[in-house]
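In what follows, a single structure is set out as structure tokens and then discussed.
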Number of protein chains: 2
Amino acid sequence: MSDLFPKKGHDHDRCVHSALAQAEKVCDRENARFTDMRRKVFTLIWQSHKAVTAYELLDALTAEGQRVQPPTVYRALEFLTELGLVHRIESLNAYFGCDRPDCEHLGQYFICTDCGRVAEAVNEDMSNAVRKAARSVGFTIQATTVEIKGLCHDCATH
Amino acid sequence: MSDLFPKKGHDHDRCVHSALAQAEKVCDRENARFTDMRRKVFTLIWQSHKAVTAYELLDALTAEGQRVQPPTVYRALEFLTELGLVHRIESLNAYFGCDRPDCEHLGQYFICTDCGRVAEAVNEDMSNAVRKAARSVGFTIQATTVEIKGLCHDCATH
DNA sequence: TCAGAAAATGATATATTATAACATTTCATC
DNA sequence: GATGAAATGTTATAATATATCATTTTCTGA
Ligand SMILES: [Zn+2]
Ligand SMILES: [Zn+2]
Ligand SMILES: [Zn+2]
Ligand SMILES: [Zn+2]
């Protein structure tokens, strides 16, 4: 069993640092501007392995001394999601940093209802099952939402 | 290819009638009261094969001459979803009538972005892929959300 | 280098979705 | 019919999201 969720006590600064580096690359490739505000929002999202709501981001920015309004946050989120740097978790109205923004994928999200952590999987079995089911009913896929709530291994065993 | 979506011009009164009959049975079995309000909300949801928002229901009830407040609608929706008579579509913040409320299932929802119709599938390939993926990462499933947006066969071909 | 255009952000207002809290009514049971 | 539980009514407000227009920043090309 390979745990998708990060180990407790892992070097989280490294997660953040690596995510920032990837984001830079993607923005560069797409000729998109990774502005201060976008970087701040992106970094805040990566401060945990949980999904973060727009208003939590707003509060965090306010706490940092910025005076920021909802549209500013939503714009940053729109930018980040369109580039695939961040995914929206529909069942939580919240946002989660992608750790493989460099390649297109249909992601699936495991959401622990105990610790609140989220993990993204890119599981071809699931993707293929969805694609096959769509094909069998003549449905043309534009986007998928696969969100699985339950207990992560840590929370189930401790 | 079997189309999940109902044929144009099908006898929709029959859909509604059959859904009501099933709902009666489920409520009966569960010793739950299918009150006027719950029946009205349920029927309104079944007026189309689209997902309906809480405030659309509120407006429809108001148009019918009822003076209804949000909590009334949300309570009816909570009741209906807990009994499995209605499913919530997370990516639309909207509600959709289940046509097999008599048996437990992990449903998947196809949502046409052109005509707005929704179809529920209960596809074992998809369910099994999700269960298998969860097992392989030690995750204990409590609930799943599988929503697939795109074009239904009618909309893709016409 | 600077004018003009485009992109991003600021600011204000408001729309949409959802729930908390307490009062009243309805309904099953005795 | 009295009683308690369930359902609904009522009021207020919380949480999530967007529309619109003003201003600032950045890019582009003369
Ligand atoms: Zn980390
Ligand atoms: Zn957990
Ligand atoms: Zn029908
Ligand atoms: Zn369609």
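Chain A is the first sequence line, chain B the second, and so forth, proteins listed ahead of strands; every chain is numbered from 1.
- Scored by the side-chain contact (heavy atoms from CB on, under 4.5 Å) test, B:T62 finds no partners at all (sequence neighbours excluded).
- Remark: P of D:dT16 and OH of A:Y95 are 10 Å apart, rounded to the nearest angstrom.
- Taking 3.5 Å as the limit, the base of D:dA14 and the side chain of A:Y55 contain no donor-acceptor pair of atoms between them.
- Distances shorter than 4.0 Å separate none of the side-chain N or O atoms of B:R67 from OP1 or OP2 on D:dT8.
- In this structure, B:N31 atom CG and D:dA6 atom P are separated by 12 Å, rounded to whole Å.
- Ion pairing between a basic and an acidic side chain is recognised when a charged N comes within 4.0 Å of a carboxylate O; B:K25 and B:D102 show no such pairing.
- Looking at residues two or more places apart in sequence or on another chain, you find a ring-ring contact (aromatic ring centres under 6.0 Å, His included) between A:F34 and A:F42.
- The residues A:K149 and A:E147 are annotated as not salt-bridged, no charged nitrogen and carboxylate oxygen being separated by less than 4.0 angstrom.
- Distance, A:M37 CE to D:dT24 C1': 13 Å, rounded to whole Å.
- Between B:D36 atom CG and D:dA6 atom C1' there is a gap of 15 Å when expressed in whole angstrom units.
- Nearest-nucleotide assignment on DNA chain D puts the 5′-proximal partner with A:Y74, out of A:Y74 and A:R33.
- Following rounding to the nearest Å, B:Q66 (CD) and D:dG9 (P) show an atom-to-atom distance of 7 Å.
- Checked by atom type, the side-chain pair A:Q47/A:H12 shows no donor-acceptor distance below 3.5 Å.
- Sequence order on DNA chain D of the closest nucleotides to A:E56 and A:P71 puts A:E56 first from the 5' end.
- For the residue pair B:Q66 / B:T72, no side-chain donor-acceptor distance below 3.5 Å is found, with atom types taken as modelled.
- We find that CD of A:E78 is positioned 15 Å from C1' of D:dT16, with the value rounded to whole Å.
- Here the P atom of nucleotide D:dT26 and the CZ atom of A:F79 are 14 Å apart, to the nearest Å.
- When DNA chain C is scanned 5' to 3' for any atom under 4.0 Å from a heavy atom of chain A, the first and last hits are C:dA7 to C:dT12.
- Note on B:D154 versus B:R117: salt bridge recorded, some NZ/NE/NH1/NH2 to OD/OE distance being below 4.0 Å.
- If you take CG of A:L57 and P of D:dA17, they are 11 Å apart, rounded to a whole angstrom.
- Listed nucleotides D:dC21, D:dT8, D:dA17 differ in distance to A:R75; the shortest reach to its side chain belongs to D:dC21.
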